[in-house]
Number of protein chains: 2
Amino acid sequence: MDRRSEILTTAGHLFRERGYHATSMRDIAASLELRGSSLYAHIDSKEEVLWEIVNRAADAFLAHAEAVEARALAPRERLRALIAGHLQVIVQELPRATVFFHEWKFLSPERRAQVTECRDRYEGFFRRAVEAGVASGDFATEDPKLAALFILSALNWTYQWFREGGELALEALTERYTSLVLNALGGCP
Amino acid sequence: MDRRSEILTTAGHLFRERGYHATSMRDIAASLELRGSSLYAHIDSKEEVLWEIVNRAADAFLAHAEAVEARALAPRERLRALIAGHLQVIVQELPRATVFFHEWKFLSPERRAQVTECRDRYEGFFRRAVEAGVASGDFATEDPKLAALFILSALNWTYQWFREGGELALEALTERYTSLVLNALGGCP
DNA sequence: CCTACCGATCGGTAGG
DNA sequence: CCTACCGATCGGTAGG
């Protein structure tokens, strides 16, 4: 891992624990046993560091969802795969995902707009899966867009409490949350 | 409203928009057309301001849930009332609720522990409602504690996107989210 | 509630 | 990658 990647990884951990504004460039540098000024040989600004972290998280979420959609699954399996992918990214990239959800507001207006666009595109994958299920008769809901938001809301909060090595493993969490979501979309089996 | 309350209200709005660390005492003072130093006649420290906001939000959530439990409703109606109360507090106290969810980590360790305790107590109201429904046969879920967390997760995220005066009113949101939750807990009707 | 001010720390640059 | 340093700003206090 080169220095730039090390900086982004370390910053991701610190931003997650303390937040963007409560983490100084000197904090990041100290974690790597460097002086603050040395970071600027590898990055342009503190905001660029935040942007890289947020952007990589967005890419991870979108890449999973695109891969799922490309598989042309039946609605229930498609939603199941979207849920599994979403929880997997959150858990496996906990610092990045946390910073993505928590700190994106501190980006410049242009970059914030890009984040909003990514998020809207991502919600589209979930909305279309719900709509496909409604069309096929697998799901029943009067408002697929709100249902998609409900699902993502329930999943997103995971970053607030999930701890790797805790009593609940990712696989069990995924299975139980998937059951709750599929039930919520009714069309009882 | 006395000066102290004005300070807390203004701080709530600013902390919600910019976050705790990106809001300076001078920012709060400027919103009230005061100098930064004048605030200290009414409050002891910036952290005390955060604490008051977080504490009032926690009180609002807990007061609603206690009132619901005291009514001794049937499980479905009890959960319905808990959901309605939770969404109502979020929407009607958007700044306080947002700061409660987003900034509590910046409190001192002692106060952070108090917040955690409040949150655990609050989750208990939802868990007990789910358990009561399982016992009565109204709900079916293998893990009431996780189901309660799932429900609260879905509801909590509302602070991220809900805007008063938007196309979706609180009443409609409450109704649709309640349907999704009651479906999720299955025991298909 | 104000002016004046404190030491500490911030993001970032110059120059090597 | 370092030392040395910049102007700006931070939370908070003294004294009136």
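Order of the sequence lines fixes the chain letters, A, B, ..., with proteins taken first and strands second; residue numbering starts at 1 for each chain.
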Between atom CD1 in A:Ile7 and atom C1' in C:dG11, what is the gap in whole Å? 15 Å
So if I apply the salt bridge (Lys or Arg N to Asp or Glu O under 4.0 Å) rule between B:Glu52 and each of B:Lys46, B:Arg111, B:Arg4, which one comes out positive? B:Arg4
Could you state the atom-to-atom distance from NZ of B:Lys46 to P of D:dG12 in whole Å? 8 Å
Of the nucleotides C:dT13, C:dG12, C:dC10, which one has an atom closest to the side chain of A:Ser45? C:dG12
Calculate the interatomic distance between B:Asp27 atom CG and D:dT9 atom P; express it in whole Å. 11 Å
Is it the case that more than 12 heavy atoms not belonging to B:His13 sit under 6.0 Å from its NE2 atom? no
Check the surroundings of atom CZ in B:Arg163: do more than 12 heavy atoms from other residues, nucleotides or ligands lie under 6.0 Å from it? yes
Distance in angstrom units between B:Arg35 CZ and C:dA4 C1', rounded: 12 Å
Is the A:His102 ring parallel, tilted or perpendicular to the B:His102 ring (thresholds 30°, 60°)? tilted
Nucleotide C:dA4, atom P - distance to CZ of B:Arg26 in whole Å: 14 Å
When you match B:Arg3 and A:His21 each to their closest nucleotide on DNA chain C, which lands nearer the 5' end? B:Arg3
Return the nucleotide paired to C:dA8: Watson-Crick means purine N1 to pyrimidine N3 with N6-O4 or O6-N4, wobble means G-U with N1-O2 and O6-N3, both under 3.5 Å. D:dT9
What's the CD1-C1' distance between B:Ile28 and D:dG11, to the nearest Å? 11 Å
Distance below 4.0 Å between B:Ser37 side-chain N/O and D:dG12 OP1 or OP2: no
Watson-Crick or G-U wobble mate for D:dA14, both contacts under 3.5 Å: C:dT3
Would you mind telling me which of C:dA14, C:dT3, C:dG11 lies closest to the side-chain atoms of A:Ser24? C:dG11
In terms of relative ring orientation, are A:Phe100 and A:Phe61 parallel, tilted or perpendicular, with 30° and 60° separating the classes? tilted
Interatomic distance, A:Asp44 CG vs C:dT13 P [rounded to whole Å]: 9 Å
Of all the choices, D:dT13, D:dG11, C:dC1, which nucleotide is nearest to the side chain of B:Leu34 once you look at every atom? C:dC1
Within this structure, what is the NE2-to-C1' distance between A:His42 and C:dG12, rounded to whole angstrom? 15 Å
